[in-house]
Amino acid sequence: MGIFSEWRNKRFWTPIPSNHGDLDVENKLLGRDDTEASSRRTSDVSEEIRPLWTGKGFGISKTWLILTVFNAVILSVSVILNKSNFLDFTRSCIRETSAYSPIIESSQALPFHKVRLNGTLWPTEDLSWSRREPGDPIAEAMWDSFEDMYTFPITRKQVLALGKDPETAARYDDEYWGMGDDAYIAALDSQHKMHCLNELRRTAFADYGENNPNKKKMRELDWIHLRHCMDMLTQDMLCHADADLITYNWRDTQPHPYPDFSISRKCRNFDDLIAFRDERRVDMSKYEAMEKPNDILELPMEAGYYSMFG
């Protein structure tokens, strides 16, 4: 018997105890001839090793096959349910730490991911784009990308969930956009914060380098804008104050412990927010050419505007 035959018989066939010795004695006592005995022996051998179920090639246990398929189905369903439960759990965690946003309720769960910040005081070789010098093409291109406040539509129900009044919230005019009467204008606040940070960057580095494109003469309105940006970032940082800790090290040349700002954080993926926006954003050239409709309810401008411009 070959190795494969031994493996096959052990794995897929059910053996029945052999009685060949007793069968020969029985044949002699009953006077059976060799042909009859051979036929009887062949019949017994066919029952000695009998398949539970005969398939193509060799016998396979039908019960084993059914159980295998059943287990595979259960495993697949478990994986799907676990993934769904994980996404629901992630959304629940984000809801507990966030104000309402249609993005959280969307299919994109905005999962957190661990990030190690680079908190060194002096620049390192692997400079991030935000640490590069003013005027660096890569850095300026990234900062400029945050200035694009692309808008996208949300519904009346979502406007109400944001705590806003649909009667005064601006809509995409149906005659101009063809979106119907339930398309309100929205944008990412995180982009507004990055714009404010960029304004602070430009002002802070206004006198840095000879060929700095950020140099400009500050007007009164520019200072008002800058103070607005500082205030918005301060409020945002206080609102999102976290429990992360920094540690200290003893450093050469330093008489006191030196702070290690390169801490680990759990961050949302900003690219997911941009992807959500880009899937829904409108044509901004058309948006900029949009005129104010006649049948709208206008709110007064801020008091400081009238003080400055009358």
Side-chain angles (χ1 to χ4, degrees), residues 97-99 101 103 110 112-152 185-246 258-278 281 284-285 287-288 302 304-305 308-309:
T97 57
S98 306
S101 171
I103 303 177
L110 298 180
F112 291 93
H113 61 286
K114 291 184 178 180
V115 174
R116 174 63 64 87
L117 303 185
N118 180 0
T120 59
L121 179 59
W122 278 269
T124 56
E125 292 184 359
D126 53 338
L127 282 178
S128 62
W129 61 267
S130 56
R131 185 73 74 95
R132 292 173 179 266
E133 294 186 353
D136 180 274
I138 296 177
E140 295 300 327
M142 284 297 297
W143 284 112
D144 287 344
S145 69
F146 293 118
E147 298 295 324
D148 298 326
M149 287 292 290
Y150 294 111
T151 66
F152 51 87
I185 302 173
L188 292 175
D189 183 52
S190 54
Q191 277 196 275
H192 169 226
K193 296 167 189 171
M194 292 301 295
H195 154 76
C196 283
L197 186 60
N198 192 24
E199 284 297 309
L200 293 175
R201 179 189 72 95
R202 287 171 173 169
T203 303
F205 290 96
D207 295 325
Y208 184 91
E210 296 296 328
N211 301 315
N212 191 345
N214 297 322
K215 287 185 177 181
K216 67 177 183 179
K217 184 178 180 180
M218 295 290 287
R219 303 168 298 168
E220 182 181 359
L221 184 59
D222 294 326
W223 289 116
I224 292 175
H225 184 192
L226 195 62
R227 288 166 59 193
H228 155 82
C229 286
M230 178 68 74
D231 182 45
M232 292 301 302
L233 291 176
T234 302
Q235 292 183 64
D236 183 69
M237 292 180 68
L238 292 175
C239 177
H240 291 90
D242 51 57
D244 295 323
L245 303 179
I246 63 171
Y258 192 83
D260 178 8
F261 294 112
S262 300
I263 64 175
S264 296
R265 298 287 303 273
K266 266 201 169 182
C267 304
R268 294 177 183 171
N269 192 338
F270 191 78
D271 291 339
D272 289 343
L273 292 173
I274 298 301
F276 180 92
R277 178 206 67 186
D278 288 346
R281 76 183 191 187
M284 291 307 293
S285 60
Y287 180 85
E288 292 170 358
E302 298 174 15
Y305 178 90
M308 180 173 290
F309 298 103

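Residue Trp129 places its CH2 atom among more than 12 non-hydrogen atoms of other residues, nucleotides or ligands, all under 6.0 Å distant. For Met232, the CE atom sits in a packed shell: over 12 heavy atoms of surrounding residues, nucleotides or ligands are nearer than 6.0 Å. Crowding of Phe146 atom CZ: a count of heavy atoms from other residues, nucleotides or ligands under 6.0 Å exceeding 12.
With rounding to the nearest 0.5 angstrom, the CG atom of Leu226 is 11.5 Å from the CG atom of Leu221. Within the model, atoms OG of Ser128 and CE of Met142 stand 10.0 Å from one another, a figure rounded to the nearest 0.5 Å. The CG atom of Leu197 sits 9.5 Å away from atom CE of Met230, with the distance rounded to the nearest 0.5 Å. Distance check, rounded to the nearest 0.5 Å: CH2 of Trp143 to CZ of Arg132 gives 13.5 Å. Once rounded to the nearest 0.5 Å, the distance linking CD1 of Ile103 with CZ of Arg268 reads 9.5 Å. How far OG of Ser190 is from CD1 of Ile274: 6.0 Å, rounded to the nearest 0.5 Å.
Judged purely by atom type and a 3.5 angstrom limit, Asp222 uses its side chain to pair as donor or acceptor with the backbone of Arg219.
Scanning for side-chain hydrogen bond (donor to acceptor under 3.5 Å, both in side chains) contacts around Asp236 gives Lys193, His240, with sequence neighbours left out. Residues passing the side-chain hydrogen bond (donor to acceptor under 3.5 Å, both in side chains) test with Arg116, sequence neighbours excluded: Ser264.
A salt bridge links Glu140 to Arg201: one of the charged nitrogens lies within less than 4.0 Å of a carboxylate oxygen.
In this structure the side chain of Asp148 never reaches within 4.5 angstrom of the side chain of Met284, judged on heavy atoms. The closest side-chain heavy-atom distance from Leu273 to Phe276 is not below 4.5 Å.
Of all heavy-atom pairs between Glu133 and Ala139, the closest is O-CB, 4.5 Å.
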Check step by step if side-chain contact (heavy atoms from CB on, under 4.5 Å) holds for His228 and His225.
CA-CA 5 Å; His228 155 82; His225 184 192; 4.2 Å; yes
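Taking the six-membered ring where the residue is Trp, Tyr305 and Phe309 present tilted rings, their angle falling between 30° and 60°.
Remark: Arg277 is not positioned above the aromatic ring of Tyr150, lacking an NZ or CZ atom under 6.0 angstrom from the ring centre and at most 45 degrees off the axis.
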